[in-house]
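All heavy atoms count here, side chains included; hydrogens, waters and symmetry mates do not. Starting from 1, each residue takes its place in the sequence as its number.
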Amino acid sequence: MRRKRRNALRLLLAVLVALATCLAGAPAHAAVPDSPAVTYTNPIAEKRADPHIFKHTDGYYYFTATVPEYDRIVLRRATTIQGLKSAPETTIWTKHASGVMGAHIWAPEIHFIDGKWYVYFAAGATNDIWAIRMYVLEGTGANPLTATWTEKGQIRTQWESFSLDATTFVVNGVRYLAWAQRDPSVNNNTDIYLAKMANPWTITGTPVMLSRPTYSWETVGFKVNEGPAVIQRGGKVFMTYSASATDSNYCLGMLTASASANLLSQASWSKSPTPVFASSAATSQYGPGHNSFTVSEDGKSDILVYHDRSYKDISGDPLNDPNRRTRVQKVYWNADGTPNFGIPVADGITPQRFSSYNFPDRFIRHWEYRARIEANVSKLADSQFRVVPGLAGSGTVSLESANFPGYYLRHKNFEVWLEKNDGSAQFASDATFHRRAGLADPAGVSYESYNYPGRYVRHWEYLLNVQAVSTVTDRADATFYAQ
């Protein structure tokens with residue numbers, strides 16, 4: 001009986017100590033993020049447009065895209081996304097010498113369905129290169145680069161009209177096909193359509209038109225909705241699509257539906273009134289579009305795959321310009337469950353975000369050039385930074401703004417600001433840090449000043465400063481998680 005009383009007393013004492021600690025203001029802290037940082041180096045592939053990357057269960061990423069000659073379908077594979085850049089390329093199919101499938105081989109996608117490989121693509125005919133229709137290849141074999149490929153023929157739709165950009169996805173066990181097609185009765189180029197599939201090369205039932213180009217940003221040069229791509233999360237289905245001409249006006253729109261709704265009803269889908277991804281003069285990226293989605297190597301991050309150009313002005317027809325290239329960057333998710341694509345980031349290393357250890361919903365961001373931590377940063381790029389080699393010396397790092405290339409986080413009077421590199425030794429020293437294991441959690445990261453050893457970037461009343469740390473709270477304030 002006495003032992004039970006002692007044990008009960010010890011338990012009560014432990015509870016009281018824990019409560020007292022909480023009341024004393026011990027800092028809260030976050031768990032390691034479910035989606036840690038991933039970085040890639042863009043571009044992934046030069047002269048490859050309409051990219052599609054598929055991660056298979058065999059541990060490989062499979063990559064296909066439109067080649068500028070418009071004459072063949074190519075595949076690459078690698079165990080990492082970055083590895084696709086140098087992976088050898090195999091031609092698995094070449095255009096017909098005459099007749100259908102003889103011209104304008106566009107926008108291939110590779111999928112694995114019921115134990116076989118399928119490639120969806122668009123093609124014209126030798127006697128009418130603009131008679132663009134959708135076709136399917138079926139591949140048998142574990143490795144699609146060496147598989148046996150057969151033509152399953154044209155995907156027949158409600159009209160015999162210009163149609164392209166087929167993609168397939170499954171929601172609640174039902175397989176759908178989405179594509180772009182011209183309605184012969186309407187004065188525009190293409191709308192987005194959706195139908196169920198009877199098999200991987202045949203639709204069934206009556207297709208529904210989901211989106212028609214009506215906004216001003218969808219009708220620049222041409223009235224276009226095309227290139228649908230689907231990502232699902234949190235019981236929602238998000239369908240991105242490309243709009244306007246394929247020059248610098250090309251951009252992404254988005255449709256949203258509940259996964260439990262009738263997807264074959266246009267009323268189930270809502271359309272974003274503004275582009276969700278568009279050209280960025282700041283980062284010199286123009287005409288981002290015709291995207292697909294894949295996942296990071298650890299499976300914890302969603303990755304946006306798309307093409308763009310590194311210059312705005314094009315001579316002649318954009319279709320004759322070969323310099324669209326494949327790029328990737330991480331998709332972030334807003335608090336309301338919607339995807340945030342930010343801006344097409346600059347060439348080179350992709351940026352990261354840094355969440356606070358003890359305020360897990362707050363991220364480092366710049367606001368009127370002052371660095372702070374803040375929640376619900378809707379302008380994503382304000383909270384993205386490229387971790388680059390330190391301006392002041394090897395073994396160090398500097399943090400470059402994603403939407404203000406050439407601007408870095410630097411301390412001034414021990415306050416952290418975002419400022420343009422003026423080339424001075426003082427700026428380089430102030431904008432250089434030693435990256436350390438997180439002071440409050442080694443799974444995180446802390447940044448120690450290069451020219452003031454012992455001082456770390458930490459938040460104080462939500463503003464970032466460079467200060468000495470000594471207490472538990474100090475160390476928590478100076479610890480961040482890369483995302």
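Between R325 and D347 there is a salt bridge, with a side-chain nitrogen of the basic residue lying less than 4.0 Å from a carboxylate oxygen of the acidic one. A salt bridge links R309 with D321; the closest basic N to acidic carboxylate O contact falls under 4.0 Å. The pair K271-E218 meets the salt-bridge criterion, with a side-chain N (NZ, NE, NH1 or NH2) lying under 4.0 Å from an Asp/Glu carboxylate O.
With no hydrogens or angles considered, a side-chain donor-acceptor pair links Y250 and E226 at under 3.5 Å. In summary, the side chains of R353 and S383 do present a donor paired with an acceptor at a separation below 3.5 Å, with no hydrogens or angles considered. No side-chain donor-acceptor contact under 3.5 Å links T479 and D441.
Heavy-atom minimum distance, I132 versus A122: CG2-CB, 3.8 Å.
In this view, E374 and R365, R372 satisfy the side-chain hydrogen bond (donor to acceptor under 3.5 Å, both in side chains) rule, not counting sequence neighbours. Listed by chain and number, the residues in a side chain to side chain contact (heavy atoms under 4.5 Å, CB included) with N291 are A229, T240, L252, F293, L304, Y306 (sequence neighbours excluded). Contacts of E89 classified as side-chain hydrogen bond (donor to acceptor under 3.5 Å, both in side chains), with partners at least two apart in sequence or in another chain: R48, R76. Partners of W93 by ring pair (Phe, Tyr, Trp, His ring centres under 6.0 Å), not counting sequence neighbours, listed by chain and number: H96, F121. With sequence neighbours excluded, the residues forming a ring pair (Phe, Tyr, Trp, His ring centres under 6.0 Å) with F169 are Y176, listed by chain and number. For N189, the side chain to side chain contact (heavy atoms under 4.5 Å, CB included) partners are F222, K223, V224, not counting sequence neighbours. For S398, the side chain to side chain contact (heavy atoms under 4.5 Å, CB included) partners are V388, L391, Y408, T432, not counting sequence neighbours. Remark: H290 pairs with no residue by the ring pair (Phe, Tyr, Trp, His ring centres under 6.0 Å) rule, at least two apart or across chains. Remark: W367 engages no residue in a ring pair (Phe, Tyr, Trp, His ring centres under 6.0 Å) (not counting sequence neighbours). The side chain to side chain contact (heavy atoms under 4.5 Å, CB included) test applied to Q82 returns Y40, T41, I44, T80, K85, not counting sequence neighbours.
Residue pairs meeting the salt bridge (charged side-chain N to carboxylate O under 4.0 Å, His left out) criterion with at least one partner in residues 457-472, sequence neighbours excluded, are R458-D474, R458-D477. Identified under the ring pair (Phe, Tyr, Trp, His ring centres under 6.0 Å) test for residues 461-480, with sequence neighbours left out: F359-Y462.
A parallel orientation is assigned to the rings of Y369 and Y407, their planes being inclined by less than 30° (bins at 30° and 60°). Using the six-membered ring where Trp is involved, F414 and H411 have ring planes that are parallel, under 30° apart on the 30 and 60° scheme.
Remark: aromatic rings of F112 and H56 are close, center separation under 6.0 Å.
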